[in-house]
> 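Right, I'll just put the structure down here and ask away after.
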Amino acid sequence: MKEIISHFAIQGTVKEVRPLGNGLINTTYKVETEEADAPDYVLQNVNVAIFPDIDLLMHNIVEVTGHIRKKLEAIGTYDIDRKVLQFVPTTDGKYYYYDGEKYWRIMVFIPDTVSKSGVSLESSYIVGKTFANFQAMLADIPSELGETIKDFHNIEWRLQQLKDAVAADPLGRAKEPEAQEILAEIQKRAEFMSKSERLHREGKLPKRICHCDTKVDNILFDTEDNVLCVIDLDTAMPSFIFSDFGDFLRSAANTTREDDPDLKNVSFNFDVFQSFTKGYLEGARCFLTPIEIENLPYATALFPYMQTVRFFADYINGDTYYKVQYPEHNLIRTRNQLRLLQCVEEAFPQMEEFIQSQL
Ligand code: GN1
Ligand code: MG
């Protein structure tokens with residue numbers, strides 16, 4: 001570890017390196033330094049199976065954090081080093097080091113922070129506001145960023161993947177009568193749900209820098225419960241703002257977990273929708289276009305729909321992407337997300353009314 005760290009331009013001398021956190025994708029360590037006036041660091045081994053283009057990944061992250069830092073400086077923010085992540089270059093000026101086997105990066109450790117998880121009305125409001133502020137700060141970023149997972153939230157691409165899965169049908173799962181019913185449910189909404197891609201092609205819907213993993217776990221708080229900064233920037237990339245809005249609600253506003261087989265437990269928690277949307281619009285109203293605002297209910301439906309398509313394609317493909325605990329797991333998840341979609345569809349008039357009341 002010390003050999004790896006020696007390739008980075010850190011301050012101080014390394015005292016100890018030990019595992020940090022429980023991330024599912026990257027492996028993370030805390031690096032403690034001897035000197036009291038040198039910061040501690042976070043060392044990460046980047047999972048290039050999920051993020052294959054490390055140059056693009058680190059380019060995005062350095063641009064995003066650099067732009068936020070400039071914004072904070074411009075408004076005279078106090079304690080900036082706690083309000084945006086800071087990555088450390090290698091001694092030859094790159095932002096990652098390849099040891100012949102693994103890819104490593106280092107950022108400055110922010111001390112005395114608190115992390116949270118789970119969903120409450122209060123945290124939904126904070127998540128809405130924090131990620132809206134994140135998008136707002138990045139709305140005028142001059143640099144070109146790329147997609148760290150190509151076509152991640154492109155519904156036309158996800159529908160194509162499902163079509164390919166059904167054509168190949170390696171286990172004969174697509175031929176089951178229930179599968180045909182699910183396919184019909186997906187098909188009848190396909191055109192409506194592809195609206196975002198259509199609007200984008202027509203030049204009416206921009207891509208902006210989004211976080212794409214919107215949840216309270218990805219916010220650092222100080223010990224007095226104030227928001228410090230947004231973390232886990234690997235999926236920060238150009239997308240429709242619908243990604244941050246809709247994907248949060250897909251998981252947070254479902255009244256049960258996404259693989260609950262009992263569909264009676266699935267419903268759309270409108271209180272979570274209200275708290276989150278209130279916070280989101282407070283932060284994002286200043287830059288959103290009328291088309292973006294008008295389509296927030298669509299975004300709320302798009303993500304359960306997209307997840308239905310993704311889980312179902314994986315079921316047909318024989319469970320090659322999502323980990324499964326039993327053979328029908330992806331089918332259970334598919335039914336759950338389809339049910340959530342139906343609940344969201346029923347809430348369209350109330351969602352529209354609530355959004356209007358917030359403008
Ligand atoms: C995956 O691993 P996790 O739970 O953070 C997936 C998301 C899906 C989610 C569904 C890179 O996220 O897009 O919404 O599962 N991430 C990737 O549970 O495919
Ligand atoms: Mg995740």
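Indexing begins at 1, ligand by ligand and atom by atom, following the structure's order.
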> Give the numbers and elements of all ligand 1 atoms closer than 4.0 Å to a heavy atom of Y321.
11 (C), 17 (C), 19 (O)
> If we ignore hydrogens and angles and just use 3.5 Å, is the side chain of D217 paired with the main-chain N or O of S117 as donor and acceptor?
no
> Can you check whether E258 has an N/O within less than 3.5 Å of an N/O in ligand 1?
yes
> According to a 4.5 Å side-chain heavy-atom criterion applied to Ile, Leu, Val, Met, Phe, Trp and Tyr, with indirect links allowed, do L85 and F8 form part of one hydrophobic cluster?
no
> Please determine, by modelled atom types, if Q135 and Y280 share a side-chain donor-acceptor pair under 3.5 angstrom.
yes
> Does R250 come within less than 4.0 Å of ligand 1, judged by its heavy atoms?
yes
> If we ignore angles and hydrogens, is there a donor and acceptor under 3.5 Å between the side chains of Y315 and R333?
no
> Flag Y322 as yes when one of its N or O atoms lies below 3.5 Å from any N or O atom of ligand 1, and as no otherwise.
no
> Does the Lys NZ or Arg CZ of K94 fall within the cation-pi geometry relative to Y96 - under 6.0 Å from the ring centre and within 45° of the axis?
yes
> Is there a nitrogen or oxygen of K215 sitting under 3.5 Å from a nitrogen or oxygen of ligand 1?
no
